[in-house]
Amino acid sequence: MDKTYQPANIETSWYQTWEDKNYFAPSGEGEAYSMVIPPPNVTGSLHMGHAFQHTIMDTLVRYQRMQGKNTLWQVGTDHAGIATQMIVERKLAAETGQTKHDLGRDAFMDKIWEWKEESGGNITRQMRRLGNSVDWSNERFTMDPKFQASVEEAFISLYDEGLIYRGKRLVNWDPKLQTAISDLEVESKEIKGKMWYLRYPLADGVTTDAGDDYIVVATTRPETMFGDTAVAVNAADPRFQSIIGKEIILPLVGRRIPIIADDHANMEKGTGCVKITPAHDFNDYEVGKRRKLPMINVLTFTADIREIGQGFNSDGTLNSEINCHIPEKYHNMERFAARREVVADFEALGFLVKIEENNMTIPYGDRGGVVIEPMLTDQWFADAKTLAGPTIEAVENGDIKFVPKQYENMFFSWMRDIQDWCISRQLWWGHRIPAFYDAQGKVYVATSESAAREKYNLGTEITLTQDNDVLDTWFSSGLWSFATMGWPEQNDKLETFHPTDTLVTGFDIIFFWVARMMMMSMHLCKDKQGKPQIPFKTVYITGLVRDESGEKMSKTKGNVLDPLDMIDGISLEDLLAKRTGNMMQPQMAEKIRKRTEKEYADGIPAHGTDALRFTLAALASTGRDINWDMKRLEGYRNFCNKIWNAARYVEMNTAGEDCGQNGEEVELSLADRWISSKLQQIEIDVAKHIEEYRLDLAAQTLYDFIWNEYCGWYLELSKPVLWNEEATELQKRGTRRTLVRVLEVIMRLTHPIMPFITEEIWQSIKTLAGVSGDSIMLQSYPKADLSKIDLAAEAEIDWLKGVITGVRNIRGEMGISPAKELTVLINNGSDEDKQRLAANRNFLMKLASLEQITWLNPGDEAPMSSTQLVGKMEVLVPMAGLIDKDAEVSRLNKEIEKLEKEIGRIEGKLGNQKFVANAPEAVVAKEREKIAGFKSSQEKLIEQREKIAAL
RNA sequence: AGGACUAUAGCUCAGUUGGUUAGAGCGCUACCUUGACAUGGUAGAGGUCGGCGAUUCGAAUUCGCCUAGUCCUACCA
């Protein structure tokens, strides 16, 4: 073994071995345990959030595999419709200046597939580097033909049941991407905007009660006024009673529109008069439906002003009666330019009453980043309300559990108020909607044109054309848990592994994905009793990985970290290139450069996969966001090095030696019995923490045991045995056997979190430990043997540690060199102390670095000494020539003061009658015991201090 | 506006059913190249647990209010 831990030397080769030997695939034996990976974007790359989730998933699946389960971790990617199409469009524009329309649909699709081939390996490469034990033999992609068939089947059966329908509705329209998007893809942002108060003149000489021949409406979107089809006032508003039913003449356009009464108009807000534009505002749309108002769409799909509006009736049918005139100067004008013009024209007419500053929230597309436009279009919708019902029940009755539980509330609040889901997208990259239209626009839903003819009995004289649109990516992702396993085909895999056990994902996609997967699975999959099948039993929600100052990592902020850079390291130059290259907002580059140079002046050194995984596990307290801390990563790399060197020590002392592999007789030292005892407790704790999704506690438990107990104490305690020429072969064999066996167990315990280093070490010591097997991956997870718990040994080691630490404390405080071997006297010891001293003299001499230990009997004269207490027993280090009187007095004072504080605190407690009367007996007794101990210690130290001070 | 979460050492975080001398890592101080490891060892320093109040014999832990921050939902003519 190398002297220092070199992760790069071991990681890739072990992964290759595991994969080649197909260890990741289900074993086919034992109880099933399954998980599906949240499918990442096929052309994307993994960020820290993925690394975090993948570490959790891999730890769970490796743990379950070692528990003997038949484990499946289903892997795959999704096609990420909008994101991928955008990238390829941008690439195309940059390379050839062409748009997708220049190429045409088929040729453009070829370009996307090329891009997928080119960049699609990224993710899977990263996953291999992260050590993820996914079942590569069953890798899936949402655009694979088989998956495509599942998507079509789902769509068609939902349509046939009436749960999918098509309609002309107002939807969220992204004018940049020119597609509809769902509510969830809209992000609200606070913005300082303006409110314009516009005068609308009353027609036919009508006046208001106040005598005005106009009314004033307030609006944040003047440019939509071309599409106004009414002005609403509240029926109860005394100011406008007399004009309800009258008309106004819409400025700039000249159209007469009615003044209607509707509760939507709030008397307290604005002027009490609201312009109603049903084709461009969700509230107005509802008003329009209630009041049967016509709708006029005045915007193009790129959100420019149309040359003439499109008129519709409130039911969505064409209305050719209504005047849709738009003044020529506005034709094809961009929406915000049009806004300025409308305001200017109103001002010129004297119709602009005032402008107010207005704080408001504006909807932006989460992908395109431009303001979303409510747009009247034909779209496909899924009846989410109906689909949601059973999923709510499943969470209510505990069939599906969220960890942490508070996310259930979030889930409920959303599901109980769910809106129909717009599932069509005006994109090319995705699953094309399996719907066909005849010349009259009548729709036929089937997998293909010929299937449609057959299903609907259509003759060849009828021409059919397929719907141009594709499905929302989340529609296909919603099928992920079961379509990856072959649904609609009923097969063994589905039967064995569905429902899956655990889903690990982030809270940000609970609605996008988790809820949709629940809806789809419960509607489309039924168990043998016909009961809706849930997709997973537990949803483990992780927090976000943020940067060191708590900010979200994002490309625009330039604070993104690639998990592989943490593993393999990266130079500052390369990191800068990564962060500032190919930016959407190049103006940020300078700021990012400065920040990166400051934080990573020397780039990032390599830490290895195991250290990264251990860090992520150690930070994974459930549901909490993680602020990434590079120092912590360094600490855990050092931990790996520690393990590595401990293993070297073990190997050096056991290789070629008799370690009792064949069950030879051994004699176990106190330390041997103690470490074995401790190990049992650790085995219980770690398994419990993993089962409870507390990987942070599991990691902490392992860290503490390995570093502080095994390395810190046990390895040191093994030296006096192994290096003692007087030790018997039985004793040496006992210690060697314990050394190597405990290490072997530690490796198995730690393997789910740190797969590589544990495999490497396990391989090199397995024979010494008397075990065989091809890989640690396939070994069983350690299980505690309660018969090995030895409380007497633990108590005796505590005593031993007390004496050693006592001497070391004197040494440290008094500045005595560790090289100086000390003489120690033991005073006021009990019979038990005497016995323990006799039994452990060898350990004490070595670990406390002593020259001599002398047991003082009652009446024996003790020299002036520095004192440490172990219980009632005094550990004395003679001061002569070594220790300064004043230093010792001040050391004692420090101790005495500490005890004084504690004694005062407990005295207060015990002096409180209510405490003594009400607290449980055991608690009171414990306090009494404590204070007695503190008092006797304090007395001894005071006595000692007086003696020394008197010198 | 409604809801959720968070606030513990200089920093990043633990603290399970109320009873601990409130812990870990990093950082800090002093000393140490002792035959696994300086990516190390030994000994230390450092916290009135965001604030106020309540319940209790006893609160970091339970409850209420407040402050700060993060997030979600809704509304904004």
Side-chain angles (χ1 to χ4, degrees), chain A residues 1 3-5 188 193 195-197 217-221 231-232 264-266 269-277 281 283-284 358-361 404 406-407 409-410 413-414 417 507-508 510-511 543-544 546 548 550 552 611 615 618-619 621 623-653 692 694 696-697 700 703-704 708 711-712 715-716 719 723 805 808-819 849 898-899 901-902 905-906 909 912-920 922-924 926-927 930 934:
Chain A
M1 293 174 79
K3 192 177 171 188
T4 52
Y5 166 63
S188 296
M195 174 101 76
W196 290 271
Y197 286 75
V217 298
T219 181
T220 56
R221 301 208 57 194
V231 169
H264 171 61
N266 184 332
K269 263 187 201 166
T271 59
C273 300
V274 191
K275 73 196 253 315
I276 302 296
T277 324
D281 180 280
N283 287 315
D284 295 2
N358 185 38
N359 290 326
M360 50 190 189
T361 49
Q406 71 252 22
Y407 285 105
N409 296 331
M410 197 168 147
S413 69
W414 190 71
D417 188 34
F507 71 92
D508 50 334
I510 290 178
F511 307 140
L544 248 49
R546 298 167 173 277
E548 49 288 322
K552 255 189 197 172
T615 309
L619 292 170
S621 50
R624 240 183 109 132
D625 284 0
I626 289 180
N627 286 4
W628 185 250
D629 180 4
M630 205 54 91
K631 292 285 182 191
R632 197 117 184 214
L633 177 61
E634 271 172 41
Y636 291 123
R637 184 204 47 196
N638 296 351
F639 178 51
C640 291
N641 188 56
K642 188 76 181 173
I643 293 175
W644 184 261
N645 279 291
R648 277 181 65 222
Y649 168 80
V650 172
E651 200 186 32
M652 284 164 61
N653 285 282
E692 290 172 354
R694 288 302 303 268
D696 59 328
L697 297 181
Q700 179 61 41
Y703 185 96
D704 181 59
N708 299 323
C711 296
L715 295 193
E716 295 308 318
K719 290 171 185 174
W723 299 348
T805 319
R808 285 176 180 171
N809 176 270
I810 291 171
R811 209 187 268 282
E813 294 274 304
M814 296 304 150
I816 301 169
S817 150
S849 185
K898 227 174 173 179
L899 287 166
K901 250 173 74 184
E902 281 308 306
R905 202 177 56 84
I906 301 177
K909 252 185 175 180
N912 182 349
Q913 272 314 306
K914 288 178 175 172
F915 171 71
V916 180
N918 292 317
V923 173
V924 179
K926 203 172 150 196
E927 294 298 320
K930 267 197 272 182
F934 290 151

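Order of the sequence lines fixes the chain letters, A, B, ..., with proteins taken first and strands second; residue numbering starts at 1 for each chain. Note that the structure is a prediction, hence the values are computed from the model and not measured.
Summarising the geometry of Cys711(A) relative to Ala646(A), their closest heavy-atom pair is SG-CB, 3.6 Å, with the distance given to 0.1 Å.
Residue-to-nucleotide proximity on RNA chain B shows that, of Cys273(A) and Ala647(A), the 5′-proximal contact is made by Ala647(A). Comparing Arg808(A) and Ile816(A), the nucleotide of RNA chain B nearest to each residue sits closer to the 5' end for Ile816(A).
If you measure from atom OH of Tyr649(A) to atom P of rG40(B), you get 19 Å, rounded to the nearest angstrom. Put simply, CG on Leu715(A) is 12 Å from P on rU42(B), counting in whole angstrom units. Between Asn809(A) atom CG and rG44(B) atom C1' there is a gap of 9 Å when expressed in whole angstrom units. Rounded to whole angstrom, the span from the CZ atom of Arg905(A) across to the P atom of rU21(B) amounts to 5 Å. Atoms CZ (Arg546(A)) and C1' (rU70(B)) sit 6 Å apart, rounded to a whole Å. Remark: C1' of rA22(B) and NZ of Lys901(A) are 12 Å apart, rounded to the nearest angstrom.
Among the atoms of the strands shown, none is found under 4.0 Å from any heavy atom of Ala917(A). Counting any heavy atom pair closer than 4.0 Å across all strands shown, Arg221(A) reaches no nucleic acid atom. Residue contacts for Asn912(A): at a heavy-atom cut-off of 4.0 Å it reaches the sugar-phosphate backbone alone, with no base atom in range. As judged by a 4.0 angstrom heavy-atom cut-off over every strand, Thr271(A) is placed among residues making no nucleic acid contact. Nucleic acid contact class of Pro920(A) (heavy atoms, under 4.0 Å, all strands): base. Thr220(A) comes within 4.0 angstrom of sugar-phosphate atoms only, judged by non-hydrogen atoms across all strands, and of no base. Note on Phe639(A): nothing from the nucleic acid sits closer than 4.0 angstrom, heavy atoms only. Among the atoms of the strands shown, none is found under 4.0 Å from any heavy atom of Trp414(A). When heavy atoms are screened at a 4.0 angstrom cut-off, Lys269(A) is found touching base atoms of the nucleic acid. Within the 4.0 angstrom heavy-atom criterion, only backbone atoms of the sugar-phosphate kind lie near Lys930(A); the bases stay farther away. Lys898(A) comes within contact range of no nucleotide atom at all, as no heavy-atom separation falls under 4.0 Å.
Pair assignment for rG2(B): rC72(B), on the basis of Watson-Crick or G-U wobble contacts that are both within less than 3.5 Å. Across all strands shown, rC52(B) is found opposite rG64(B) as a Watson-Crick or G-U wobble partner, with both distances under 3.5 Å. Figure legend. rG58(B) is base-paired to no nucleotide; pairs are counted as Watson-Crick or G-U wobble with both atom distances under 3.5 Å. As the counterpart of rA45(B), no nucleotide is assigned, since no Watson-Crick or G-U wobble pattern has both distances under 3.5 Å. For rG18(B), there is no paired base (Watson-Crick or G-U wobble, both distances below 3.5 Å). Across all strands shown, rC11(B) pairs with rG25(B); the Watson-Crick or G-U wobble distances both stay below 3.5 Å.
A cation-pi arrangement is absent between Lys642(A) and Tyr703(A) under the rule of less than 6.0 angstrom and at most 45 degrees off the ring axis.
Inter-residue side-chain proximity for Met360(A) and Thr220(A) is flagged as met; some heavy-atom pair is nearer than 4.5 Å.
When the side-chain nitrogen and oxygen atoms of Asn918(A) are compared with OP1 and OP2 of rC57(B), one or more of them lie within a distance under 4.0 Å. Dashed line: the shortest gap from a side-chain N or O of Asn627(A) to OP1 or OP2 of rC13(B) is under 4.0 Å. In this model, the phosphate group of rG40(B) is approached by a side-chain N or O of Asn638(A) to a distance below 4.0 Å at OP1 or OP2. The phosphate of rG58(B) has neither OP1 nor OP2 within less than 4.0 Å of any side-chain N or O from Lys909(A). Dashed line: the shortest gap from a side-chain N or O of Lys552(A) to OP1 or OP2 of rU70(B) is not under 4.0 Å. Phosphate contact (OP1/OP2 of rG41(B), side-chain N/O of Arg811(A), threshold under 4.0 Å): absent.
For rA36(B), the base has a donor-acceptor partner in the side chain of Glu716(A) [N/O atoms by modelled type, under 3.5 angstrom].
Rounded to whole Å, the C1' atom of rC71(B) lies 28 Å from the corresponding atom of rA24(B). The separation of rC65(B) from rU29(B), taken at their C1' atoms, amounts to 43 Å, rounded to a whole angstrom.
In this structure, Glu927(A) pairs ionically with Lys930(A), as a charged nitrogen and a carboxylate oxygen lie closer than 4.0 Å.
Although no hydrogens or angles enter the test, the distance criterion places no donor-acceptor pair under 3.5 Å between the side chain of Asp281(A) and the main chain of Thr277(A). Side chain of Asn645(A) to backbone of Asn641(A): a donor-acceptor contact under 3.5 angstrom is found. A side-chain donor-acceptor contact under 3.5 Å links Arg811(A) to the backbone of Ser817(A).
Put simply, Trp723(A) rests on the base of rG35(B): the two rings are less than 5.5 Å apart at their centres and nearly parallel, under 30°.
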